Number of protein chains: 2
Amino acid sequence: MQDYPTQTFPAPKRETPLGGAHAAPGAGLLFLREEELRLAQDMLFFAMRDLNAAPDEILAELGFGRAHHRCLHWVARRPGLKVGELLAILGITKQSLTRVLGPLIGEGYIAQAPGQQDRRQRLLTLTEKGQALERRLYSVQRERLVVAYREAGGPAVDGFKRVLRGLMNKQGRDYVDGLEHRAQKAPRAGA
Amino acid sequence: MQDYPTQTFPAPKRETPLGGAHAAPGAGLLFLREEELRLAQDMLFFAMRDLNAAPDEILAELGFGRAHHRCLHWVARRPGLKVGELLAILGITKQSLTRVLGPLIGEGYIAQAPGQQDRRQRLLTLTEKGQALERRLYSVQRERLVVAYREAGGPAVDGFKRVLRGLMNKQGRDYVDGLEHRAQKAPRAGA
DNA sequence: CGCATAAGTCAGTCATACTGCCATAACACG
DNA sequence: CGTGTTATGGCAGTATGACTGACTTATGCG
């Protein structure tokens, strides 16, 4: 892993000579100003960088990378996932997936089973070893998520999810909507 | 770029045999249940994947990648940024940065100028060409952000930022707090 | 003057993506 | 039953973005 300095670099300059371009669209919708959208980019960058740092360390010890984490995560989330479905979720090519999935299967983290209706399919599940690793990776991210969620509070979490949902394509929305439906919770993101 | 199918894969299984582990921590804090935190991971994955898709296409045409986008973004955000500061933000090594920054400077997207107080420093700024590209990249992400923000509404955006802030390390928080302070807005995330 | 700092550079490695092409097994339909 | 399609797996080659370690140059500072 990489130990980038925790150094607090000097406060931002804010001389951006671009500030006035699409600056104030709706007056009432201040959160649509350029500066707010730029801030969203900044924050997403920092959040993803810092959220992935801890899992990356664990993965590096085992000779794995983020791609392996993504595989483990999605197989954990959807046991019995087909290879083709995993490809559609990850948005990578079959060959790229093979190089990640191969070692995970070879080292006994993920198991394959032929589909019952369609025996061409290889349904993916986590072995006990795979579950152990995936839970370990989850739990270090969990710590950070719990702190952030608890500090922010329920309504903020709700807003967080509403915005994230809006950033996704239909595929992702269908997935999360399906989850919420199954969980029979109060619908929070009105389609 | 990659054209993953918009295919809506079948609804999730939800047989996860792990559901009961840390399932219900606080009763009143339902958003801290395992399923909620897993959902956060899912949604962040989809949101980042889909938010980056459009810029990736533009970058690919020019022979660049996401790393170049990150450079352009941060130089746009903080004109006159020092190389060392950029390294601290990106969290990569000098050598990795060189390979990204080199072509951007060589092809005239980013310019360097010696620091006035300290002439060892190379202060980074966007050239006009660089500004044009960066704004093009920004604007395609902007579309998606605007839709998400507008659909979600102001309070949701506020919650979105609160949670993201909680996911960051101190470095990022100092940065965004500095921005908010400079913008003299009502403080929303109590430190 | 001597050490520290900011930045650049060289050489080698690794992980993760890509493309194109081919193989195998199983399903599906006329 | 045969042909075409689908699901998966594999090989060869390439590019990007990350890494480590060691070295150089220019500058700042005590």
Side-chain angles (χ1 to χ4, degrees), chain A residues 1-5 7 9-10 48-49 52-53 55-57 59-72 80-88 90-106 110-124, chain B residues 1-5 7 9-10 49 52-53 55-57 59-72 80-106 110-124:
Chain A
M1 243 297 64
Q2 222 259 338
D3 59 331
Y4 46 79
Q7 160 206 354
F9 46 81
M48 293 306 288
R49 187 195 66 175
N52 285 320
D56 280 354
E57 278 185 37
L59 291 159
E61 286 170 17
L62 299 169
F64 293 140
R66 278 187 206 177
H68 303 88
H69 188 186
R70 288 194 286 269
C71 273
L72 291 168
L81 190 70
K82 286 176 275 185
V83 174
E85 289 173 339
L86 186 52
L87 283 173
L90 297 177
I92 61 176
T93 59
K94 193 173 38 162
Q95 294 70 20
S96 298
L97 178 59
T98 299
R99 276 227 322 231
V100 174
L101 201 49
L104 288 172
I105 293 170
I110 289 182
Q112 292 172 306
Q116 300 201 336
Q117 291 97 15
D118 187 337
R119 282 177 304 169
R120 289 172 304 179
Q121 297 167 348
R122 300 282 178 275
L123 307 185
L124 303 172
Chain B
M1 244 296 62
Q2 222 261 340
D3 59 331
Y4 46 80
Q7 159 206 353
F9 46 79
R49 186 195 66 176
N52 285 320
D56 280 353
E57 278 184 35
L59 291 158
E61 287 170 17
L62 299 169
F64 292 140
R66 277 186 207 178
H68 303 86
H69 187 187
R70 288 194 286 269
C71 274
L72 291 168
L81 190 68
K82 286 176 277 186
V83 174
E85 290 174 339
L86 186 51
L87 283 172
I89 291 173
L90 297 177
I92 61 176
T93 59
K94 194 170 35 163
Q95 295 69 21
S96 299
L97 179 59
T98 299
R99 277 224 323 221
V100 174
L101 201 50
L104 287 172
I105 293 170
I110 288 183
Q112 292 172 305
Q116 299 200 335
Q117 291 96 13
D118 188 337
R119 281 178 304 170
R120 289 173 304 179
Q121 298 168 349
R122 300 282 178 274
L123 307 185
L124 303 172

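Keep in mind that what you see is a predicted model, and the values were worked out from it rather than measured. A note on names: the letters A, B, ... follow the listed sequences, proteins ahead of strands, and every chain is numbered from 1.
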Sort out for me which residue in B:Asp56, B:Leu59, B:Leu72 forms a side-chain contact (heavy atoms from CB on, under 4.5 Å) with B:Phe64.
B:Leu59
Roughly how many Å is it from CG in A:Asp118 to P in C:dC29, rounded to a whole number?
12 Å
Distance in angstrom units between A:Glu57 CD and D:dA18 P, rounded
18 Å
Protein-nucleotide distance (A:Lys82, atom NZ; D:dG9, atom C1'), rounded to Å
17 Å
Distance-only donor-acceptor test, B:Arg120 side-chain atoms vs C:dT5 base atoms, 3.5 Å
yes
Kindly point out which of D:dT8, D:dT20, D:dG10 is positioned nearest to the side chain of B:Thr93?
D:dT20
Which nucleotide in the list C:dT9, C:dG8, D:dC19 gets nearest to the side chain of B:Ser96?
D:dC19
Is the base of C:dA17 touched by the side chain of A:Arg99 through a donor-acceptor pair closer than 3.5 angstrom?
yes
Nearest to side-chain heavy atoms of B:Lys94, which nucleotide of C:dA7, C:dA26, C:dA11
C:dA7
Separation of A:Gln117 atom CD from D:dT6 atom C1', in whole Å?
16 Å
What are the two closest heavy atoms between A:Ala88 and B:Arg49, and how far apart are they?
O-NH1, 3.5 Å
Do A:Arg99 and A:Gln95 have side-chain heavy atoms sitting under 4.5 Å apart?
no
Both A:Arg122 and A:Arg70 contact DNA chain C. Which one's nearest nucleotide lies toward the 5' end?
A:Arg70
In whole Å, what is the span from the CG atom of A:Asp56 to the P atom of C:dC14?
19 Å
Kindly indicate whether the side chain of A:Gln95 and the base of D:dG9 share any N or O donor-acceptor pair separated by less than 3.5 Å?
no
Is there a side-chain contact between B:Ile92 and B:Val100 in this structure, where contact means two heavy atoms from C-beta onward sitting under 4.5 Å apart?
no
Can you find a heavy atom in the side chain of A:Leu123 that is under 4.5 Å from one in the side chain of A:Lys82?
yes
Within the structure, does a side-chain N or O atom of A:His68 lie under 4.0 Å from either OP1 or OP2 of C:dA15?
no
Figure out the CZ/C1' separation between A:Arg119 and D:dG9, and round it to whole Å.
18 Å
Looking at the side chain of B:Gln121, which of D:dC19, C:dA6, C:dA17 is the nearest nucleotide?
C:dA6
Between A:Gln116 and A:Phe64, which has a closest nucleotide on DNA chain C that is more 5'?
A:Phe64
To the nearest Å, give me how far apart CG (A:Leu97) and C1' (C:dC18) are.
14 Å
B:Gln112 CD to D:dT27 P, in whole Å, measures 14 Å
